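Step one of this worksheet: look at the structure below.
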Amino acid sequence: MEKKGIVSFFEDFLNNQSLFVDRNVLLSSYMPETVKHREKEINKIANILAPALKHQKPSNLFVYGNTGTGKTLTTKHIADNLSLVSKDKKIALKIIYINCKLKRVADTEYRLLAQLAGLFGKAIPVTGLPTDEVYRAFYDAVERQSAIVILILDEIDQLIKRAGDGILYNLTRINEELKNSKISLVGISNNTTFIENLDVRVKSSLSEEDVLFAPYNALEIQGILRERASKAFKANVLGQGVIEKCAAYVAREYGDARKAIDLLRVAGEIADRRKDKTINTEHIDEAEEKLEREKIFDIIKTQPKQFQLVLFSILSIKSNSNSAYTGEIYDFYKKLCFKTGLRPLTQRRVSDIIGEFELIGIISTRTISKGRYGRTREVVLSVPSSLLPLTKKILEEGLSLT
DNA sequence: AGGTATTCACATGAAACTATTCTCTGAGTTAGG
DNA sequence: TAACTCAGAGAATAGTTTCATGTGAATACCTGT
């Protein structure tokens, strides 16, 4: 019986008239062959990097802008074309792309260098060597290539946050010693303020040139969506105003194209599952809610236990009364700790944790003074109230409370 | 009534402590000559 | 014998606690009318 059920499910799945032609087009890993609405930026970056083809070192470059403005896409696009040309003309040019956010791969000085040396064909053990020896190995490997090396460091702010800016200083200085090769750095960051906090020398050497990616406006997002949609979906499945609605949703929030594309894909998936023949604006609404839900759950699940306890306390208090103050939260939290057998943190720390939740954006607070009855912080939830019961349940399960 | 002093309940800061993660060094191991 | 590996020492870092100080306004307490 069971077996038959599964078989028919798969058969259904095969016969099912999907709205998608190619879902991959709407995934963030997809590389379109042209990047829309970024002609100026492409030009500027291409101009900066072009000297590499004549075996001259391009200026270091700093690329910054909000998430989903096409920084990574544009940079990769140019890099691909550049290496295509260099291969064609047999020019010694090596372009390396590294995402510094990847944990345990490239998020410390040592690991980054080990990774780089590995890419140049010199394997380095994961631990055990002094850093300057790894530098040496990397240096030798690069020098042996006698090529121009363009090193693209995506999410470079993450690297700096963990490893300090010394690494950039060292990398830029390596050029003075290299005879046959040269290294150019391309840093990509969506944190626009981070470069201000760098050491002055590093700052000036990293951003010899910089390119700012402004957010897309609603019209540009519509254009991008239309193009992707035409490749991803069958003809005529998009209902009236769907693209416009998608674009409007994200234009409100800093023109994040990635989010717009996600929205469209999820809407398509929802419609598919329901066997609807077209995608309409209600699907977009649902997709928006689903993405929001996943975002919140992701955040919650990755928080440490103590954070989850604090959040659960806030939610519990909030569901009984409409005000939650630090003191109440802490009392509730302490009881929870007692129940679960965890050692409670001090009120000082819990106060900070509440602050951190505010930073993430799942609550907002304001400090109010209740006169004679002290001064405290009032917590307001930013989670849509429709998600509260589910959020609470997930926390309960994660903390194995009854 | 009007003014000011007090007081509460935490906010906010800084320093000190602690546990974990990184880096480095030397000893042991391996492999090539 | 040179290159590689690995465990353990010491350094760096993140997370927390301890101690200290700051804050805004409701209330208590004056003071003079």
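Everything numeric here is computed off the predicted structure, so don't read it as measured data. Labels below follow one simple rule: chain letters A, B, ... track the order of the sequence lines, proteins then strands, and each chain is numbered from 1.
Using a 4.0 Å cut-off on heavy atoms, none of the residues of residues 353-364 of chain A approach DNA chain C. Listed by residue number, the members of residues 313-334 of chain A with any heavy atom below 4.0 angstrom from DNA chain C form an empty set. For DNA chain B, the residues of residues 365-373 of chain A within the heavy-atom distance limit of 4.0 Å (strictly under) are A:Thr367, A:Gly371, A:Arg372, A:Tyr373, sorted by number. Residues of residues 374-383 of chain A having a heavy atom closer than 4.0 Å to DNA chain B, listed by number: A:Gly374, A:Arg375, A:Thr376, A:Arg377.
Scored by the salt bridge (Lys or Arg N to Asp or Glu O under 4.0 Å) test, A:Lys305 finds no partners at all (sequence neighbours excluded). Looking at residues two or more places apart in sequence or on another chain, you find no side-chain hydrogen bond (donor to acceptor under 3.5 Å, both in side chains) involving A:Tyr325. The side-chain hydrogen bond (donor to acceptor under 3.5 Å, both in side chains) test applied to A:Tyr330 returns no partner, not counting sequence neighbours. Partners of A:Arg377 under the side-chain hydrogen bond (donor to acceptor under 3.5 Å, both in side chains) rule, at least two apart in sequence or in another chain, are A:Ser351. Scanning for side-chain hydrogen bond (donor to acceptor under 3.5 Å, both in side chains) contacts around A:Lys245 gives A:Asp285, with sequence neighbours left out.
Summarising the geometry, the separation between CZ on A:Arg349 and P on B:dA14 is reported as 16 Å, rounded to the nearest angstrom. In this structure, CG of A:Asp352 is placed 12 Å from C1' of B:dA14, rounded to the nearest angstrom. The distance from atom CG of A:Leu345 to atom C1' of C:dT16 is 7 Å, rounded to the nearest whole Å. Remark: P of B:dT12 and CD of A:Gln347 are 13 Å apart, rounded to the nearest angstrom. Here the P atom of nucleotide B:dA19 and the CZ atom of A:Arg343 are 9 Å apart, to the nearest Å.
The main-chain N or O of A:Ser316 is never found under 3.5 Å from a side-chain atom of A:Lys392 such that the two would form a donor-acceptor pair. Put simply, the side chain of A:Asp88 never gets that close to the backbone of A:Leu84: no donor and acceptor are under 3.5 Å apart.
Aromatic ring centres of A:Phe20 and A:Phe233: separated by under 6.0 Å.
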Show which side-chain atoms of residues 289-304 of chain A pair as donor or acceptor with protein atoms under 3.5 Å away, not counting sequence neighbours.
from	atom 1	to	atom 2	distance (Å)
A:Thr302	OG1	A:Asp298	O	3.0
A:Thr302	OG1	A:Ile299	O	3.0

All N/O donor-acceptor pairs, side-chain side in residues 368-376 of chain A, below 3.5 Å, sequence neighbours left out:
from	atom 1	to	atom 2	distance (Å)
A:Ser369	OG	A:Gly371	N	3.3
A:Thr376	OG1	A:Thr326	N	3.4

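Residue pairs meeting the salt bridge (Lys or Arg N to Asp or Glu O under 4.0 Å) criterion with at least one member in residues 35-52 of chain A, sequence neighbours excluded, are A:Lys36-A:Glu227, A:Arg38-A:Glu41.
Separating the CG atom in A:Leu73 from the CD1 atom in A:Ile78 is a distance of 10.0 Å, to the nearest 0.5 Å.
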**OP:** For side-chain contact (heavy atoms from CB on, under 4.5 Å), just list the numbers for A:Leu225 and A:Ile261, CA-CA rounded to whole Å, side-chain angles, deciding distance to a tenth of an Å, and then say yes or no.
**Re:** CA-CA 7 Å; A:Leu225 284 177; A:Ile261 292 168; 4.0 Å; yes

